[in-house]
There are 2 protein chains.
Amino acid sequence: MRVSLKDVAAHAGVSIKTVSNVVNNYQHVTPAMRERVQRSIDALGYRPNLAARHLRKGRTGIIALALPELGNPYFAELAAAVIDSAAEHDYIVLLDHTGGRREQEMLVSQGFRARVIDGLILSPIELEAKDFRDRAEHVPLVLLGERDYDLPYDHIAIDNVAAARAAVSHLVSLGRRKVAFIGARRGRSQPAQLRVQGWREELTAAGLPSDEGLVAATDGWGHADGAAAMAHILDGGERPDAVFAYNDPMAIGAMRVLHERGLRVPEDIAVVGFDDVLEGRFSAVTLTSVSPDKAAIGRLAVESVLARLHDAAPEPHRIWADYRLVERESTLGRPSGTGGAGA
Amino acid sequence: MRVSLKDVAAHAGVSIKTVSNVVNNYQHVTPAMRERVQRSIDALGYRPNLAARHLRKGRTGIIALALPELGNPYFAELAAAVIDSAAEHDYIVLLDHTGGRREQEMLVSQGFRARVIDGLILSPIELEAKDFRDRAEHVPLVLLGERDYDLPYDHIAIDNVAAARAAVSHLVSLGRRKVAFIGARRGRSQPAQLRVQGWREELTAAGLPSDEGLVAATDGWGHADGAAAMAHILDGGERPDAVFAYNDPMAIGAMRVLHERGLRVPEDIAVVGFDDVLEGRFSAVTLTSVSPDKAAIGRLAVESVLARLHDAAPEPHRIWADYRLVERESTLGRPSGTGGAGA
DNA sequence: TTGAAAGCGCTAACAT
DNA sequence: ATGTTAGCGCTTTCAA
């Protein structure tokens, strides 16, 4: 804030423009001049004032990332990926979390929370397509997450239906016949829809039941919700031989309940999660999980925003990220004679 | 970026100043005028340009939070607390992560990563006191974390020595006589120092050994490091009856290894972690842990930066946040006849 | 290759 | 209570 271009110019006995040229690495500056100006810059400890630059250029170098919940390790890991990708493009990331609450998501989407940004990456839970219709905000928006939208924005996601089918298919191939789903959403909005759909499709294809008694709805998606859902299913008299959870924390919460009730994983009940968070690799019974390529999602999201920012963007479209099923003890059982926790 | 004060002024048929008055909630504006201007603002969808405001006022409304690792749930939860506290003061948070690497921490501390901020909250791992000496950056800096610094900055932390002593004291009171520590740092910098110190002091006070064979050094502080450290101790022929881990992920990694080797927690070896992350409440054996008041830490950090920003700050000083020891199954054992996971 | 000057959108000092 | 205006520090024509 202290020393400006003007000061440097005065010190070096040149014009402001010349200093600016040096600062911005403009081509046509004689080495001698560059040298001389640089000396003044160093002497005075000049640092460009970004606010002025931003005002002039209309860009801030900041993109916002709005996630439902940082406490969920999937989102934390995703945030790390976005920050790293942004840094590669000299962008920094403003982080916001919405708690998955509609009002917060609205504020974010409308740009009321952060008004200094060049672009926005949003992972909505509650927001419906219509909520975006009257979006006055003009900065590029990129959507993340497992829902299907019909909106003129890029949307980065993995194929949730296929991924869910892969998870269930794995269970079926292991001989499981009664596969429960935990983590369907109670109430209006239904982010789990695609995973429920994949679950149902695969079971139907295998000639297995997917009735409502096997689906447990929850309010949230944390460990505690998974535990409650698992307890609910068992208390309801159902006794599945496998559980597919909306995400890893829920799966781990469910495993905790199974453990408390003396049910063995996977012998009595196999468990598959979703997101492949670190935690699942070190639980007493390591967790089989669908593993989305988080680094790719972060990278694609950043690249999408920036492309749109630079007008180099194609029609808004769905962008698929990769995923794979990582099979661990919660479905395969404990490999005999092994040591460390699996990858 | 599109519509400016000038546009609104023209649309409403008033001066720029009047519009500015309305936007900034200036007192002396007649309701009628306010109404009229507001209508134009809404009609045109005016949004203040923060870059311009920033240039003029020298403030951005942004504080940066630089954490070592978002993947560590403790830091993720802390970030959430900071974001929420900042929001209460109409500040937004730029998030950065350093990976605990010295160069990254230097860049952050010197302000090279984010140059649009009013203040900085930094949780350093590698940085030494001397690294801060020639800090050219002028924005207020607040330090977080378990190290002792002798620096002219506010430093928010819990009393790590006392907290570690409380953890070890708990183990000793349970009759444990051989308490290992995992998570001392290999190499130069030693963030775990205070926790090691508390561990040693309490053992010494109890007349119990704290020799080097009971301390396992690691490179990082993740699940895998905890697992490796635990394995290392057991392979080294030591057979502690309790383990105090630098943090929860390490404790959980250690428990995984104990589980693999058929050792029971807590019957054979009791385990205490640090940070009280969600994960420890749902592990097969729930984890006893030191629970820092994360919400308070986040709040105090934000308040410190803002106070310094507004010149309302006292001498830089150490600010203690609260903590407590949460006792769970990994030391107490499984309570008979209980259901859900403990708080 | 370098200089002069306009103006990005806003706030604040001053004027009315 | 409202209007006028200077200027924050920078980039960018345009001119030399």
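Labels below follow one simple rule: chain letters A, B, ... track the order of the sequence lines, proteins then strands, and each chain is numbered from 1. All heavy atoms count here, side chains included; hydrogens, waters and symmetry mates do not.
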Report the end-to-end axis angle of the helix from C:dT1-D:dA16 to C:dT16-D:dA1; each axis comes from five terminal pairs, and the value is rounded to 10°.
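Axis-to-axis angle, ends of the helix: 40°.
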
Which one of A:Phe132, A:Trp320, A:Tyr149 satisfies the ring pair (Phe, Tyr, Trp, His ring centres under 6.0 Å) criterion with A:His155?
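Single ring pair (Phe, Tyr, Trp, His ring centres under 6.0 Å) partner of A:His155 among A:Phe132, A:Trp320, A:Tyr149: A:Tyr149.
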
Answer yes or no: is there an ion pair linking B:Arg147 with B:Glu126, defined by an N-O contact shorter than 4.0 Å?
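Here B:Arg147 does not pair with B:Glu126 in a salt bridge, since their nearest N and O are not under 4.0 Å apart.
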
Determine the sole option in B:Ile92, B:Asp118, B:Val139 for which the side chain to side chain contact (heavy atoms under 4.5 Å, CB included) test with B:Thr60 is passed.
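Result: among B:Ile92, B:Asp118, B:Val139, B:Asp118 is the only option passing the side chain to side chain contact (heavy atoms under 4.5 Å, CB included) with B:Thr60.
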
Between A:Ser109 and A:Asp131, does a side-chain contact (heavy atoms from CB on, under 4.5 Å) hold up when you go through it step by step?
CA-CA 9 Å; A:Ser109 144; A:Asp131 294 320; over 6 Å; no

What's the [atom1]-[atom2] distance between [X] and [N], to the nearest Å?
| X | N | atom1 | atom2 | result |
| --- | --- | --- | --- | --- |
| A:His54 | D:dC8 | NE2 | P | 19 Å |
| B:Leu55 | C:dA12 | CG | C1' | 14 Å |
| A:Arg56 | C:dG9 | CZ | C1' | 12 Å |
| B:Asn24 | C:dA13 | CG | P | 13 Å |
| A:Lys57 | C:dG9 | NZ | C1' | 17 Å |
| B:Asp7 | C:dC10 | CG | C1' | 13 Å |
| A:Leu5 | C:dC8 | CG | P | 19 Å |
| A:Arg47 | D:dC10 | CZ | C1' | 16 Å |

With a 4.0 Å limit, can you tell me whether B:Asn49 has a side-chain N or O closer than that to the phosphate oxygens OP1/OP2 of C:dC8?
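Checking B:Asn49 against C:dC8: no side-chain N or O falls below 4.0 Å of OP1 or OP2.
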
Within the pair B:Ser20 and C:dC10, is there a side-chain N or O less than 4.0 Å away from OP1 or OP2?
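Checking B:Ser20 against C:dC10: no side-chain N or O falls below 4.0 Å of OP1 or OP2.
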
Please walk me through it: do B:Leu127 and B:Met106 pass side-chain contact (heavy atoms from CB on, under 4.5 Å)?
CA-CA 7 Å; B:Leu127 246 38; B:Met106 281 296 269; 3.9 Å; yes

Strictly distance-based, threshold 3.5 Å: is any side-chain N or O of B:Arg299 a donor or acceptor partner for the main-chain N or O of B:Ala81?
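A pair under 3.5 Å: no.
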
Where do N or O atoms of nucleotides 1-3 of chain C meet protein N or O atoms at under 3.5 Å, pair by pair?
residue	atom	partner	partner atom	Å
C:dT1	OP2	A:His28	ND1	3.0
C:dT2	OP1	A:Thr30	OG1	3.0
C:dT2	OP2	A:Thr30	N	3.3
C:dG3	OP2	A:Ser15	N	3.0
C:dG3	OP2	A:Ser15	OG	2.9
C:dG3	OP2	A:Thr18	OG1	2.0

Heavy atoms, side chains only, cut-off 4.5 Å: are [X] and [Y] in contact?
| X | Y | value |
| --- | --- | --- |
| B:Leu95 | B:His97 | no |
| B:Arg34 | B:Asn25 | yes |
| B:Leu55 | A:His54 | no |

Given that A:Arg53 and B:Ala52 both sit by DNA chain D, which one's nearest nucleotide is further toward the 5' end?
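Nearest nucleotide further toward 5': that of B:Ala52.
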
